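Owing to the predicted nature of the structure, the values given are computational and were not obtained by experimental measurement.
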Amino acid sequence: MSETRRSQSNHERIDSSENQQRRVVIENSYGEKLVGVLQDTGSTETVVICHGFQSSKDRIPMWTIANVFETAKICTFRFDFAGNGESQGSFQYGNYRREAEDLRSVLQHLRGENREVSAIIGHSKGGNVVLLYAAKYKDVETVVNISGRFFLERGIEGRLGKDSMKRIKENGFIDVRNRKGKFEYRVTEESLMDRLTTNTQEACLLIHENCRVLTVHGSNDRIVHVAEASEFAKYIKNHKLCLIEGADHEFTSHQLQLASTVLSFFKKDDDDSGDISTSNRDPVRSIVPFTSRI
């Protein structure tokens, strides 16, 4: 957390004094209150931004993306999933599909206020959530998956240790602690299975061809290997894949570059020539090298 906060203070901040930031509370389908921030530029067009695992609406890159969109006079809404940040509910290790339902509640609320939600953006786990949403509801035109994980069976040992399923079956749960031994969260068999039974490939295949999808990944991502990014290109019909050279999982030193890439895709300013991937094309050719100038 401290590293993220330092990175926010060290990066260029964008003055948002001319526009309105408003705290909004939305009830999800389970009666839990989800807390979000609406950065209102006066436009009805609104982009929703979703955070990742154990993160929040106020961390990078969500914060930076919202501010860059604000300079383009585009409203954004970033919120905390249930059990995260300021929102109600208990934190769960899996919850991919339930978080997609949180996103559903958010979009229904915003549309009920006559806002046009034209894009959903997710970082890390949030990237998986926006894809799951698009696969199920098919009511958004643009989806952006930042640092999402394609193979959800990977990355578990790094957090839970070896033989996690065996230990959960023996003890009923695994308590995850940080390096100082402080308790962080509990993983049950149900929450682990929720992750393991979430089928990313199936979701990608179900996304409608009229939905434009951008996957952005950093070449130096040590949380989710960059090779996983090309997997999305194999199964999503209308897809562009962008690799940002030298960027880590949170794009710590590439914040504005990431946000500008996402904004360009949203505004359709990018050159689609040769960059759109389909399931029958070589996904490696769809990677657009993007060398940092920051």
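Summarising the local packing, CD of E190 is surrounded by 12 or fewer heavy atoms from other residues, nucleotides or ligands at distances under 6.0 Å. Within a 6.0 Å sphere centred on NZ of K33, other residues, nucleotides and ligands contribute 12 heavy atoms or fewer.
A cation-pi arrangement is present between R104 and Y137 under the rule of less than 6.0 angstrom and at most 45 degrees off the ring axis.
Residues forming a ring pair (Phe, Tyr, Trp, His ring centres under 6.0 Å) with F81 (at least two apart in sequence, or on another chain): H51, F79. F53 meets the ring pair (Phe, Tyr, Trp, His ring centres under 6.0 Å) test with F91, Y93, Y185; sequence neighbours excluded.
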Name the atoms and distances for all side-chain donor-acceptor pairs under 3.5 Å in residues 156-168, with sequence neighbours left out.
{"from": "R167", "atom 1": "NE", "to": "K162", "atom 2": "O", "distance (Å)": "3.0"}
{"from": "R167", "atom 1": "NH2", "to": "L160", "atom 2": "O", "distance (Å)": "2.3"}
{"from": "R167", "atom 1": "NH2", "to": "K162", "atom 2": "O", "distance (Å)": "3.2"}

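Ionic pairing of E116 and R111 is not present here: no N-O contact between side-chain nitrogen and carboxylate oxygen is shorter than 4.0 angstrom. Electrostatic pairing of K169 and E189 counts as a salt bridge here, judged by a charged N lying under 4.0 Å from a carboxylate O. Salt bridge annotation for R23-E86: present, with a cationic side-chain nitrogen under 4.0 angstrom from a carboxylate oxygen.
Results of the side chain to side chain contact (heavy atoms under 4.5 Å, CB included) test with F232 over L214, L131, V213 single out L131 as the only residue that passes.
Donor-acceptor pairing under 3.5 Å is recorded for the side chains of N28 and E32. Side chains of H123 and S55: a donor-acceptor N/O pair is absent below 3.5 angstrom, by distance only. No side-chain N or O of S118 forms a donor-acceptor pair with one of E141 less than 3.5 Å apart.
Put simply, the side chain of Q255 gets close to the backbone of F251: a donor and an acceptor are under 3.5 Å apart.
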